[in-house]
Amino acid sequence: MADTTTGDAFVEFERVQKSYDGENLVVKDLNLSMPKGEFLTMLGPSGSGKTTCLMMLAGFETATHGEIKLDGRPINNIPPHKRGIGMVFQNYALFPHMTVAENLSFPLEVRKIGKADREAKVKRALDMVQMGAFGGRRPAQLSGGQQQRIALARALVFEPELVLMDEPLGALDKQLREHMQFEITNLAHELGITTVYVTHDQTEALTMSDRVAVFDDGRIQQLAPPDELYESPENSFVAQFIGENNTLEGTIKEIGDDICLVELDDGELIDAKPVNVSKVGDRTTISIRPERVEVDTAKLGENAHTLKAEVMEFIYMGDVFRTRLRVAGKDDFIIKTRNSADQRRLQPGEQIQIGWLPRDCRALDAV
Ligand SMILES: Nc1ncnc2c1ncn2[C@@H]1O[C@H](COP(=O)(O)OP(=O)(O)OP(=O)(O)O)[C@@H](O)[C@H]1O
Ligand SMILES: [Mg+2]
């Protein structure tokens, strides 16, 4: 993983804001610092400001407020083609009058790379995207997914220090997508390329990135390595957006540094880890991951909290069983249990006990 603790930031956003109409901020006070070589993904719902951030970094949009720096230098006034950035954008077209190989060779010619070297680099880039046989075609003779792969190859062919990619794998089928995810991260790490990657596919974000910035409403809601985002969401938006999540509503009754007491809306009292709550009386949404809930509550030891639940639905999924329960008056509580020899299949209507450890149960902001 890239070292995020050094002071040598390669890409920096400092208090960056963006408004297109002079009224509404679509990017609000963005602060971000990336070390060289990091693979960072911007993940978030449609309209949350991801492309706008990339466009400002590329130089196609200007920030309304704040500063963007590359390698320590402000770049607000440097035009896009002088920033030395490789880009694949949602609608970033190939040159239609050039063949595929010429499209790839072009950024190398601009950089005065010799012919033999150019040919080797073009071949390597085409092989990476599994398009080695298509060098002589024109873009119009390719499918949408093939054009996308060529655009990707063109962004990487000159081995830029910084690459920006906006949904570069959107048009590809699952198998090719997974292959390309692997190729992109490998190449980026091998060449020490700093990458800002945009997607709204959370699996892609979690598997490819050193860190993920979760966007919502023009703000970074949390910026953390994938495991931390999943295990330790800082607010309800992130808990809901990343992975599957159970929620229960309640009110804070007691609060300490490591533990708080929550009265659920059906009157039940449970312990939780206080994460995004501040005082007694605060409304809270409790968050618990499905796989942290045990049906065999004896396994958890004495610190476990147990609750009564009614089985609503049992879904056989092969490697796991996914069971929907009614808990504390809500019937959308999901648990996942591994399909093992001793794991019984629960029957709808059955009354069971479920349990979890207080540290796996996070008291977040009320939704
Ligand atoms: N050129 C523009 N002029 C005016 N408003 C714009 C422009 N580009 C984007 N917006 C608005 O800015 C907001 C953020 O858009 P942006 O394209 O950055 O979102 P996004 O996170 O990339 O979404 P998606 O996942 O759908 O691509 C949206 O409300 C959008 O309508
Ligand atoms: Mg976008």
Side-chain angles (χ1 to χ4, degrees), residues 11-34 38-68 70 75-76 79-81 83 85-94 144-145 147-149 151-152 154-155 162-172 174 177 180-181 184 194-209 211-224 226 229 233-243:
V11 174
E12 284 169 283
F13 284 76
E14 287 172 0
R15 316 214 62 176
V16 170
Q17 297 182 348
K18 175 68 182 176
S19 174
Y20 287 104
D21 58 8
E23 208 173 299
N24 303 298
L25 290 177
V26 300
V27 174
K28 301 166 183 165
D29 197 34
L30 189 92
N31 293 289
L32 177 66
S33 173
M34 291 176 65
E38 181 172 48
F39 197 110
L40 182 134
T41 296
M42 295 177 170
L43 173 71
S46 185
S48 57
K50 308 179 297 293
T51 296
T52 301
C53 286
L54 227 52
M55 288 300 201
M56 289 190 287
L57 184 52
F60 296 119
E61 291 289 350
T62 51
T64 314
H65 179 88
E67 195 155 61
I68 303 173
L70 190 56
I75 53 171
N76 297 26
H81 65 277
R83 297 188 184 192
I85 301 176
M87 302 172 212
V88 197
F89 281 158
Q90 276 168 316
N91 298 307
Y92 202 62
L94 298 167
Q147 289 182 33
Q148 208 176 19
R149 282 144 72 190
L152 192 61
R154 190 180 57 177
L162 176 63
V163 176
L164 312 181
M165 304 192 199
D166 197 343
E167 305 270 356
L169 308 180
L172 307 185
K174 186 166 176 290
R177 209 180 156 100
M180 293 301 303
Q181 288 170 1
I184 291 171
T194 309
T195 311
V196 186
Y197 192 93
V198 169
T199 182
H200 50 239
D201 179 333
Q202 54 157 300
T203 310
E204 191 163 290
L206 295 180
T207 54
M208 294 179 79
S209 322
R211 285 191 303 167
V212 179
V214 180
F215 272 69
D216 187 42
D217 193 26
R219 287 185 197 280
I220 295 180
Q221 301 290 324
Q222 189 168 352
L223 173 61
L229 271 188
E234 279 167 8
N235 60 40
S236 284
F237 177 83
V238 176
Q240 282 295 91
F241 196 73
I242 307 285

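Just so you know, ligand 1 is whichever comes first in the structure, and atom 1 is the first atom listed for that ligand.
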Under 2.8 Å: N/O/S of Thr51 next to the Mg ion (ligand 2): yes
Nitrogen or oxygen of Glu167 less than 3.5 angstrom from that of ligand 1: no
Non-neighbouring partners of Thr64 that pass side-chain hydrogen bond (donor to acceptor under 3.5 Å, both in side chains), sequence neighbours left out: none
Gly44 heavy atom under 4.0 Å from ligand 1: no
His200, portion touching ligand 1 at heavy-atom distance under 4.0 Å: side chain
Part of Val26 within contact of ligand 1 (heavy atoms, under 4.0 Å): side chain
Gln17 side chain to Gly66 backbone, donor-acceptor under 3.5 Å: no
Any residue meeting side-chain hydrogen bond (donor to acceptor under 3.5 Å, both in side chains) with Asn235, in chain and number order, not counting sequence neighbours: Gln221
Atoms in ligand 1 flagged as close to Gly49, the criterion being non-hydrogen separation under 4.0 Å: 14 (C), 18 (O), 19 (O), 20 (P), 21 (O)
Mutual orientation of the aromatic rings belonging to Phe39 and Tyr197 [parallel < 30°, tilted 30-60°, perpendicular > 60°]: tilted
Residue from Val11, Val16, Leu40 passing side chain to side chain contact (heavy atoms under 4.5 Å, CB included) with Leu32: Leu40
Ligand-side contact atoms (ligand 1) for residue partner Gly47, heavy atom cut-off under 4.0 Å: 13 (C), 14 (C), 19 (O), 20 (P), 21 (O), 23 (O), 24 (P), 26 (O), 28 (C)
Side chains of Ser19 and Asp21, donor plus acceptor under 3.5 Å: yes
Heteroatom distance test (Ser48, ligand 1): nitrogen or oxygen, under 3.5 angstrom: yes
